[in-house]
Amino acid sequence: MAKLNRSFYTRPDVLQVAKDLLGCKIVTKLQGKITTGLIVDTEAYAGINDRASHAYNNKRTPRTEIMYGQGGVAYVYQIYGLHFLLNIITNKPGIPQGVMLRAIQPLEGIDVMLERRGKLRLDYSLTNGPGTLTKALGITKNELGQDVLGNRIWVEPREIVLDDSDIVETTRVGIDYAGDDAYLPYRFYIKDNPWRSKGKGLSV
DNA sequence: ATTGAGATTATT
DNA sequence: ATAATCTCAATC
């Protein structure tokens, strides 16, 4: 199956990339196992002018450096010492923007995902948060900097029809520290899809 | 060298 | 409501 190409990710409008990723299929081939899921919930982080972004104010640190590289690369970081969150970097080198995956709908390799999550039965909690979907897909900091056009992680094009009326725009989750930018409509999810992230914080 | 908080989750 | 748990970044 085809992979989304580099130019999909290097587009200048990170909001458009976040929307266009909805309905696409993310695939990981890790530990010799393939797992896939439909992307149903994303958030855009708009770089140096976005107070919610790790790269706000052009902040360059060892952690954020990857965001300044080329688009189509995985930015994985650990939060609360417990969970790994997956972003795909967008735009061209020097412009640190990216899209975080908040939730997926499991498609293939569900048995593997259940095992990685320590669950016995399939329910929404398998992959309905940014930290749970990475665990199900086997993504850890090992994948930091991986090319999303490589053979470990990639995304395949949307095969379902989605128009704007199928996409809900709302505020991002868990970024109260971002002041007014917490109210920007930079989160997108597929309307009526039950696999979307519940989230806490300021979501409408 | 020290400290404080975090793009969360699961449990009480 | 809160514990879990640790890396990173800012400050001293």
Asks: Need one value for A/L85: base, sugar-phosphate or nothing, where a base atom within 4.0 Å counts as base even if backbone is also close, heavy atoms only.
Replies: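 The answer is sugar-phosphate, as A/L85 gets under 4.0 Å only of primed atoms, P, OP1 or OP2.
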Asks: Give me the one residue out of A/D41, A/T170, A/T42 that meets side chain to side chain donor-acceptor pair (under 3.5 Å) with A/R187.
Replies: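 Answer to the side chain to side chain donor-acceptor pair (under 3.5 Å) test with A/R187 among A/D41, A/T170, A/T42: A/D41.
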Asks: Check residues 105-116 of chain A and write down every donor-acceptor pair under 3.5 Å in which the side-chain atom is one partner and the other belongs to a residue at least two apart or another chain.
Replies:
unit_1	atom_1	unit_2	atom_2	d
A/Q105	OE1	A/N193	ND2	3.0
A/E108	OE2	A/K25	NZ	2.8
A/E108	OE2	A/T36	OG1	2.9
A/R116	NE	A/Q31	OE1	3.1
A/R116	NH1	A/A136	O	3.0
A/R116	NH1	A/L137	O	3.2
A/R116	NH2	A/L30	O	3.4
A/R116	NH2	A/Q31	OE1	2.7

Asks: May I ask you to say whether A/R60 pairs ionically with A/E65, meaning some side-chain N is under 4.0 Å from a carboxylate O?
Replies: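 Yes, charged N to carboxylate O under 4.0 Å.
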Asks: Just wondering, do A/Y80 and C/dA4 stack (centres under 5.5 Å, planes under 30°)?
Replies: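 It does not: the two rings, one from A/Y80 and one from C/dA4, miss the stacking criterion.
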Asks: Going by number, which of residues 116-133 of chain A have a non-hydrogen atom under 4.0 Å from DNA chain B?
Replies: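 Correct list: A/R117, A/G129, A/P130, A/G131, A/T132.
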Asks: Which heavy atom in A/I175 sits nearest to a heavy atom in A/Y45, and how many Å separate them?
Replies: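 Where A/I175 meets A/Y45 most closely, the heavy atoms are CG2-OH, 3.9 Å.
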Asks: What is the distance from CZ of A/R51 to P of B/dG6, rounded to the nearest Å?
Replies: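 Result: 12 Å.
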Asks: For a quick check, with a 4.0 angstrom heavy-atom cut-off, what is the B/S/- contact string for nucleotides 7-12 of chain C, read 5' to 3'?
Replies: SSSS--
Asks: Between C/dA4, B/dT8, B/dA7, which nucleotide has the shortest distance from any of its atoms to the side chain of A/H83?
Replies: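 The answer is B/dT8.
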Asks: Does A/R152 pair with A/E143 as a salt bridge, N-O distance under 4.0 Å?
Replies: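 A salt bridge is present here (some side-chain N lies under 4.0 Å from a carboxylate O).
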Asks: Take atom CZ of A/R102 and atom C1' of B/dT8, then tell me their distance rounded to the nearest Å.
Replies: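 Interatomic distance, CZ of A/R102 to C1' of B/dT8: 9 Å.
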Asks: Stem ranges for DNA chain B, with three or more consecutive Watson-Crick or G-U pairs under 3.5 Å?
Replies: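 So the stems come out as B:1-6 with C:6-11, B:8-11 with C:1-4.
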Asks: Is the positively charged end of A/R11 above the ring of A/F8, judged by distance under 6.0 angstrom from the centroid and angle within 45° of the axis?
Replies: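 Yes, a cation-pi geometry.
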Asks: Which pair of non-hydrogen atoms, one from A/A74 and one from A/I66, has the smallest distance, and what is that distance?
Replies: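 That would be O-CG1, 4.2 Å.
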Asks: Where is the tightest heavy-atom contact between A/Y68 and A/P96, given as atom of each residue plus distance?
Replies: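 Heavy atoms of A/Y68 and A/P96 come nearest at CE2-CG, 3.6 Å.
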Asks: Check each residue of residues 87-100 of chain A for a non-hydrogen atom within less than 4.0 Å of any atom in DNA chain B, then write out the ones that pass by number, or none.
Replies: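 Residues of residues 87-100 of chain A under 4.0 Å from DNA chain B: A/N87, A/M100.
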Asks: According to ring pair (Phe, Tyr, Trp, His ring centres under 6.0 Å), who are the partners of A/W195, at least two apart in sequence or on a separate chain?
Replies: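 Counting only residues at least two positions away or on another chain, A/W195 forms a ring pair (Phe, Tyr, Trp, His ring centres under 6.0 Å) with A/Y124.
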Asks: How far apart are the closest heavy atoms of A/I104 and A/I26, and which atoms are they?
Replies: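 Residues A/I104 and A/I26, closest heavy atoms: CG2-CG2, 4.1 Å.
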Asks: Give a yes or no on whether a salt bridge exists between A/E43 and A/R172, defined as a side-chain N under 4.0 angstrom from a carboxylate O.
Replies: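 Salt bridge flag = no for A/R172 with A/E43.
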Asks: Rounded to whole angstrom units, what separation is found between the NE2 atom of A/H54 and the C1' atom of B/dA5?
Replies: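 After rounding, the gap between these two atoms is 11 Å.
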Asks: How long is the line joining NZ of A/K135 and C1' of C/dT5, in whole Å?
Replies: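 About 13 Å, once rounded to whole Å.
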Asks: Salt bridge or not between A/D180 and A/R51? Use side-chain N to carboxylate O under 4.0 Å.
Replies: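 A/R51 and A/D180: not salt-bridged.
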Asks: For nucleotides C/dT2 and B/dA5, find the distance between their C1' atoms and express it as a whole number of Å.
Replies: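 After rounding to an integer number of Å, I get 16 Å for this pair.
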Asks: Do the side-chain N or O atoms of A/Y177 get closer than 4.0 angstrom to the phosphate oxygens (OP1, OP2) of B/dA7?
Replies: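 Yes, A/Y177 has a side-chain N/O under 4.0 Å of OP1/OP2 on B/dA7.
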Asks: A/D41 CG to B/dT9 P: how many Å, rounded?
Replies: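 Value for this atom pair: 11 Å.
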Asks: Take atom CZ of A/R187 and atom C1' of B/dT8, then tell me their distance rounded to the nearest Å.
Replies: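 Taking atom C1' of B/dT8 as the reference, CZ of A/R187 is at 13 Å.
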Asks: Evaluate the side-chain proximity of A/K191 to A/Y189: yes if any heavy-atom separation is below 4.5 Å, no if none is.
Replies: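 The answer is no; the side chains never approach within 4.5 Å.
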Asks: Looking only at heavy atoms, what is the nearest atom pair of A/L21 and A/I39, with distance?
Replies: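 Closest approach of A/L21 to A/I39, heavy atoms only: O-CB, 3.4 Å.
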